[in-house]
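Here the structure is laid out as structure tokens; the discussion comes afterwards.
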Amino acid sequence: MAYNFDEIVDRSNNYAAKFQEAELHYGTNNVIPLWIADMDFRTAPCIVEAIKARADQGIFGYTWRTPKYFEAIAAWQQKRNGWLPDIAKMAFAPGVVPGMRMVLTMFTQPGDKVLIQQPVYHPFADVVNNTGRQLVVSPLKRDENGYYTMDLEDFEAKAKDGAKYFILCNPHNPVGRCWTREELKQVGDICVKYGVEIISDEIHSDLMLDGHKHTCMASVSPEIAAITTTCIAPSKTFNLAGLQSSTIVFNDEAKKDAYVAELKRMDIARNNCFSLVATMEAYAHGEQWLDELLVYLGDNMRFIRSFCAERLPELKPSTPEATYLNWVDARALGMDDAELKKFCVEKAGVAFGEGTDFGIGGSGFLRLNAACPRSVIEKALTQMEQAVRSR
């Protein structure tokens, strides 16, 4: 490999939320932080060099967004995912979640029903509840092997009961499913049938493991594209979350124009100077780095499964098809969720994402961020093993 993903990067002066904010969530910073979803890998060197070159100019004024910015994003989507979004319908967002919130507040009314599928990334529920919309949950189905599917019968019953929007996680955080074109068409056709608009969060779409291929919801059919707003970003792919740059691809140019006008009223319509050059450089020259990253992540997932099978069978890791997140079934430990959190933090010294944060179906589960050097994962799992054996 050309890139060293085994390198331990000292983030003590990085103001890293996953380290510094652990005390807020777990009562201590003396834990291995495998909870928040960013990576402990240096981003692609070409991106670092582009940012350095921009910094060397020494002027950090208001930044004009060149047309090349959205052109680079569209070209990347076409190359990696076979979907060419319409640049005329693309808009900047400071993040996927803020963009999602704006879409809901602009195009729904208080009290409107918004449908999600849990367990799922917890801000989905937050943006619905915090905007005064009515949260409706269609739980995913999990088989005895830990494989998740959509409950289409339940979904249809709730879609036809007045839902205005459906927020789709594609690919899925935390269960790691890479939804197939057939699955997406089934759920998308239900939304078409009952007039339910779709917000498709595809922020993890570049993180495909072991040969799986991402399908953009808006590419499934013209009818589904006509009701789908897509949220994408380089943040998970290239570890750029701190630059706060995302893209919303609207299904309607008039909606895009209304959204952009609202951004301008709030005076947050511009990229910062570093996110602009980092995004364009990532999509122009970051592909080799990403391809090597995906191999490393796939090997990390296999290491987690092998370690637990041989030394820690009380934990049952998932086999994610996408993302760098592993959804670990810890129910065999026989603890309630408060006990499980306390055990992991105080006895094992590891901070996992808490399964209950992800809603229905999350109790007894842990979300493990595997986007770190393998030695860190091995240390965390070894500490878990020792804690379990000393109970």
Side-chain angles (χ1 to χ4, degrees), residues 3 14-17 37-39 41-81 83-103 200-207 216 229-250 253 255-291 293:
Y3 306 103
N14 188 237
Y15 303 105
D38 69 7
M39 297 191 280
F41 307 129
R42 298 183 192 274
T43 191
C46 63
I47 299 173
V48 176
E49 292 306 313
I51 292 173
K52 286 180 178 178
R54 179 64 184 85
D56 284 344
Q57 295 176 22
I59 298 176
F60 311 109
Y62 296 118
T63 298
W64 173 69
R65 187 181 303 114
T66 168
K68 294 179 181 179
Y69 178 83
F70 285 137
E71 290 169 4
I73 295 168
W76 176 268
Q77 286 294 323
Q78 184 178 36
K79 183 177 182 181
R80 298 290 293 195
N81 299 321
W83 173 53
L84 182 60
D86 185 349
I87 292 174
K89 297 178 182 178
M90 297 171 73
F92 167 80
V96 164
V97 174
M100 187 184 300
R101 180 189 174 99
M102 284 187 63
V103 170
S200 186
D201 176 2
E202 304 191 8
I203 196 170
H204 292 276
S205 61
D206 294 320
L207 298 169
C216 301
T229 296
T230 305
C231 300
I232 50 179
S235 53
K236 301 301 181 187
T237 309
F238 294 102
N239 206 19
L240 302 178
L243 294 183
Q244 297 182 309
S245 176
S246 302
T247 299
I248 300 180
V249 186
F250 284 87
E253 198 166 342
K255 281 185 178 179
K256 187 269 294 190
D257 291 341
Y259 166 88
V260 170
E262 184 64 17
L263 278 183
K264 289 180 178 178
R265 280 191 286 271
M266 294 188 289
D267 200 24
I268 57 172
R270 302 179 189 273
N271 288 74
N272 70 60
C273 58
F274 296 117
S275 73
L276 187 86
V277 297
T279 298
M280 291 191 295
E281 184 66 25
Y283 290 143
H285 301 115
E287 191 167 36
Q288 180 185 351
W289 180 91
L290 173 59
D291 288 341
L293 168 71

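None of these values were measured; they are calculated from a predicted model. Just so you know, these numbers use all the heavy atoms, side chains as well, and skip hydrogens, waters and symmetry mates.
Considering all non-hydrogen atoms of both residues, Leu290 and Leu207 come closest at CD1-CD2, 4.3 Å. Counting all heavy atoms, side chain and backbone alike, Leu263 lies closest to Phe92 at CD1-O, 3.2 Å. Contact detail for Phe238 and Thr43: the closest heavy-atom pair is O-OG1, 2.6 Å. The minimum heavy-atom distance between Met280 and Thr66, with the atom names listed, is SD-CG2, 3.8 Å. Here the shortest heavy-atom pairing between Val96 and Ser246 reads N-OG, 3.3 Å. Ala37 and Lys236 get closest at one heavy-atom pair: O-NZ, 2.8 Å.
Residues Lys255 and Lys89 fail the side-chain proximity criterion, which asks for heavy atoms closer than 4.5 Å. Side-chain contact between Thr279 and Ile73 is present, with heavy atoms from C-beta onward closer than 4.5 Å. Looking at heavy atoms from C-beta onward, Thr230 lies out of side-chain contact with Ile248 at the 4.5 angstrom threshold. With a 4.5 Å cut-off on side-chain heavy atoms, Arg42 and Tyr3 do not count as touching. Using a 4.5 Å heavy-atom cutoff, the side chains of Glu49 and His285 are not in contact. Put simply, the side chain of Met90 does not reach to within 4.5 Å of the side chain of Lys256, judged on heavy atoms. Using a 4.5 Å heavy-atom threshold, the side chains of Glu202 and Cys216 count as touching. Within the 4.5 Å cutoff, no side-chain heavy atoms of Gln77 are placed close to those of Leu84.
Scanning for ring pair (Phe, Tyr, Trp, His ring centres under 6.0 Å) contacts around Phe250 gives Tyr259, with sequence neighbours left out.
Taken from NE2 in His204 to CD1 in Ile232, the straight-line distance is 14.0 Å, to the nearest 0.5 Å. For the atom pair OG of Ser275 and OH of Tyr69, the computed distance is 5.5 Å after rounding to the nearest 0.5 Å.
Here the two rings, on Phe274 and Phe60, have centers that are under 6.0 Å apart.
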_Would Met266 and Met102 count as a side-chain contact (heavy atoms from CB on, under 4.5 Å) here? Give the steps._
CA-CA 11 Å; Met266 294 188 289; Met102 284 187 63; 3.5 Å; yes

*Carefully, step by step, assess Asp38 and Asn239 under the rule side-chain contact (heavy atoms from CB on, under 4.5 Å).*
CA-CA 6 Å; Asp38 69 7; Asn239 206 19; 3.6 Å; yes

*Determine, stepwise, if the pair Ser235 / Leu243 fulfils side-chain contact (heavy atoms from CB on, under 4.5 Å).*
CA-CA 8 Å; Ser235 53; Leu243 294 183; over 6 Å; no

*asked:* Using salt bridge (Lys or Arg N to Asp or Glu O under 4.0 Å), reason through Glu262 and Arg265 one step at a time and then give a plain yes or no.
replied: CA-CA 5 Å; Glu262 184 64 17; Arg265 280 191 286 271; 2.8 Å; yes

*Yes or no on side-chain contact (heavy atoms from CB on, under 4.5 Å) for Tyr62 and Arg270, after CA distance, side-chain angles and deciding distance?*
CA-CA 8 Å; Tyr62 296 118; Arg270 302 179 189 273; 4.1 Å; yes

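More than 12 non-hydrogen atoms from other residues, nucleotides or ligands lie less than 6.0 angstrom from CG of Asp56.
Counting only N and O atoms by type, the side chains of Ser245 and Asn271 include a donor and acceptor under 3.5 Å apart.
Ring geometry, Trp76 versus Tyr283: the interplanar angle falls from 30° to 60°, so the pair is classed tilted.
Proximity of a side-chain donor or acceptor of Arg80 to a complementary backbone N or O of Glu287 within less than 3.5 Å is not detected.
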